[in-house]
Amino acid sequence: MSGARTGRGRPPCTSSTSTDTKASCRATAERLFMSAAYCPGRTPWATKTSATKLSSKSTAARSKASPTSPPPSTARPASSTASSSPRTPASSSSMSRAARPRKSASNAITAFPRCANSTAPNSARPFFMSSPVRVRFAPSPTGFLHVGGARTALFNWLHARHTGGTFVLRIEDTDRERHNEEAVRAIYQGLRWLGLDWDEGAEKGGDYGPYYQSERGPIYERYLKILQDKGMIYEDSGALRFRSPRETVTVHDEVCGSIPFDLSNPGTHPDMTVRRPDGSWIFHFVNVVDDIEMKMTHVIRGEDHLSNTPKHVELYQAFGVEPPKFAHLPLILNPDGSKMSKRDTGASVQSYIEQGYAPEAVRNYLCLLGWSPKDNREILPIEEIINIFELKNINRRSAGFDLDKCFWMNGQYLIQMPLERFADLSVPFIDQAGINFGTREALLPALALVKEKVKHLTDVPGWIEFFFNDDYAYDEASVEKALRADGALERLHVLGDRLTRLEPWTAESLESAFKDLATTLGIKTAALVHPVRVATTGRSVGPSLYHLLELLGRDRVLQRLTRTREKFTA
RNA sequence: GGCGCGCUCGUCUAGAGGCCUAGGACACAGCCCUCUCAAGGCUGGUACACGGGUUCGAAUCCCGUGCGCGCUGCCA
């Protein structure tokens, strides 16, 4: 099998010319694309089947074929030679590179062997180098934004931002039936929440619209006609199918390397349907047409599409267009290893919004699913990630979604973010809880005290409520433990007396007062702290007591001590 | 079933033949700090799926096996 995998067995010598080859290729494709009249009998870059095509019964032969099938120049025969000949450092390193899957992948994708025959001038290179990146996120409006989709969008966005390219949002509602305004809004909301702004596309406009597939019917008709005129379409019980050329198609993938797919057997690879009898379109067809029409340079999508990609490549070839670069992302799995789907916890971006996550934390976490800065950093600003993000550093294995770590990261972000940002994120949750905090000026000091304790923004109202509500509830267990202990209420009385005369009213002097009194009474400071905390906040946990008392102010503190003693004395 | 992809602590990952008695992070456990809860600090346990091969040397390259996932639609 290895021998058939051109990316893995690629001899080192080809990589040195691949850039030029690709450049020529790109230039050629551009010209072909411009020329509507171009109608090749056989596309110039189609993988030459005589070299790599295997007989239809070759499935078995292929997997066991390594000793016989590889071309003479691949690494495997070379290694057998090497064992009987002296090795030089040079041959050693070049050989290992040829055999290294991940690294050879990034070299291999730039090689389109058939392009070597094209007549494009070598000067095409600068043209290719300057070709601006265009990527897209193309979700189907299912009613919500899935974290897997969000991660796909994120990686497209990162690639666009890293390269200075264009990020396009296209809605794949293949037909009117599938078009759902509300479902589409959920996608917009999720993307915007994550800060993934798109430069072009739905709700934004651009030169390649419309950006809803449901509105692109005439374009699909036009492309269908092209294939019909070439005799590549036939009718099957009212549906239209694309007649596969039945060749081996090699997919060049930035992440997965070069993978040959033998499509010669109609039994295992039936001709794909492109349009249903009712006139609606099939995903594979419109997806490719749109990517051509919208001039996408990279298709970055979930790995679940990897096996579909050779079909797509067939379409590109049928249209006489060079395929974009592909990058298939590993899937996101549930903790148990199953594929994350709609109903799973944490599957919807909406759930993170509702549970009080900071978008930058979720986005950072998502970046780490399948990509790594490789230097042990984990929490890093998005600007830095944009700076160092490379498709080739995406790994191939699926990643389990670790809600615990996402949770932890959220806490880290909340602690580290500026108070103003924290307030902006918190206010909706505070409002929702019905807490009337008055002015923002009054709110900020309270938030400052609890900020480092908050793990979810949904916790904020509970942490700060007692600041803004004198009629706070008492937690029964805390009362039992702290206030019903022997002498607790007495101590509150004595302390209240002290605090009446305390000057100045600051956290520092409060702390001194508590400690002095504790010494005087011959008790631990904690025997004062706990009852006071419960008395003034109703709870046994909270921010620093002294700071909390300072913020509350003398009058309210004394009122609360009195109120508490009266309530629980009886 | 066929085809494809993958497999390093429970989880996310670092790892490009010697730097690896495998590093970091989350989670977990213990200790420290401490007015509570957190945060923070320190310490600890836990991993190269298995078997062959290549090599002086393999987590790393090759082959096989196993397991997981994906695709195999007139879903996207």
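Side chains included, hydrogens not; waters and symmetry mates left out as well; all remaining heavy atoms used. First the proteins, then the strands, lettered A, B, ... as listed; each starts at 1. This structure is a prediction, so every number in the text was calculated from the model and none was measured.
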- Message: With a 4.0 Å cutoff (strictly under), does any side-chain N or O of A/N334 reach OP1 or OP2 of B/rU11?
- Response: no
- Any side-chain N or O of A/R241 less than 4.0 Å from the OP1 or OP2 oxygen of B/rC74? yes
- Spacing of the C1' atoms in B/rG15 and B/rC9 (rounded, Å): 15 Å
- Give a yes/no verdict on a cation-pi contact between A/R216 and A/W281, requiring under 6.0 Å between NZ or CZ and the six-membered ring centre and an angle within 45° of the axis. no
- Task: Look at A/S307 and B/rU72 and indicate whether a side-chain polar atom (N or O) is within less than 4.0 Å of OP1 or OP2.
- Result: no
- Is there side-chain contact between A/F389 and A/I394, with at least one heavy-atom pair below 4.5 Å? yes
- Quantified in whole Å, what is the P atom distance between nucleotide B/rC26 and nucleotide B/rG44? 16 Å
- Given the side-chain rings of A/F283 and A/F285, with only the six-membered ring counted for Trp, is the space between their centroids under 6.0 Å? no
- Check whether any side-chain nitrogen or oxygen of A/K455 sits under 4.0 Å from OP1 or OP2 of B/rA38, and answer yes or no. no
- Task: Could you work out the separation of B/rA39 and B/rU34 based on their C1' atoms and round it to a whole Å?
- Result: 11 Å
- Task: Indicate whether OP1 or OP2 belonging to B/rG40 is found under 4.0 Å from a side-chain N or O atom of A/Q412.
- Result: yes
- Message: My understanding is that a pair needs two contacts under 3.5 Å, Watson-Crick or G-U wobble. By that rule, which nucleotide pairs with B/rG18?
- Response: B/rC56
- Query: Touch check for A/L333, heavy atoms < 4.0 angstrom, all strands: base, sugar-phosphate only, or nothing?
  - Reply: nothing
- Task: Classify the side chain of A/K405 and the base of B/rA25 as holding, or not holding, a donor-acceptor pair under 3.5 Å.
- Result: yes
- What is the distance from NE2 of A/H284 to C1' of B/rU72, rounded to the nearest Å? 10 Å
- Task: May I ask you to verify whether the side chain of A/E378 and the base of B/rG24 hold a donor-acceptor pair under 3.5 Å?
- Result: yes
- Item | Interatomic distance at C1', B/rG18 relative to B/rA29, whole Å | 36 Å
- N or O in side chain of A/T273 less than 4.0 angstrom from B/rC74 OP1/OP2: yes
- B/rG1 -> Watson-Crick or G-U wobble partner, both distances under 3.5 Å, gives B/rU72
- Taking the inter-plane angle between the rings of A/F514 and A/Y546 on a 0 to 90° scale, is it parallel (under 30°), tilted (30 to 60°) or perpendicular (over 60°)? perpendicular
- Task: Pick the P atom in B/rG4 and in B/rC12, then give their distance to the nearest Å.
- Result: 25 Å
- Whole angstrom is fine here: how far is it from CH2 in A/W371 over to P in B/rA14? 10 Å
- Answer yes or no: side-chain N or O of A/R397 and base N or O of B/rC7 forming a donor-acceptor pair under 3.5 Å. no
- Task: Scan A/R243, A/R275, A/R276, A/R241 and name whichever one has a salt bridge (charged side-chain N to carboxylate O under 4.0 Å, His left out) with A/D236.
- Result: A/R241
- Item | Integer angstrom distance from the C1' of B/rA59 to that of B/rG17 | 10 Å
- Query: Does A/S544 make a side-chain donor-acceptor contact with the base of B/rC35, cut-off 3.5 Å?
  - Reply: yes
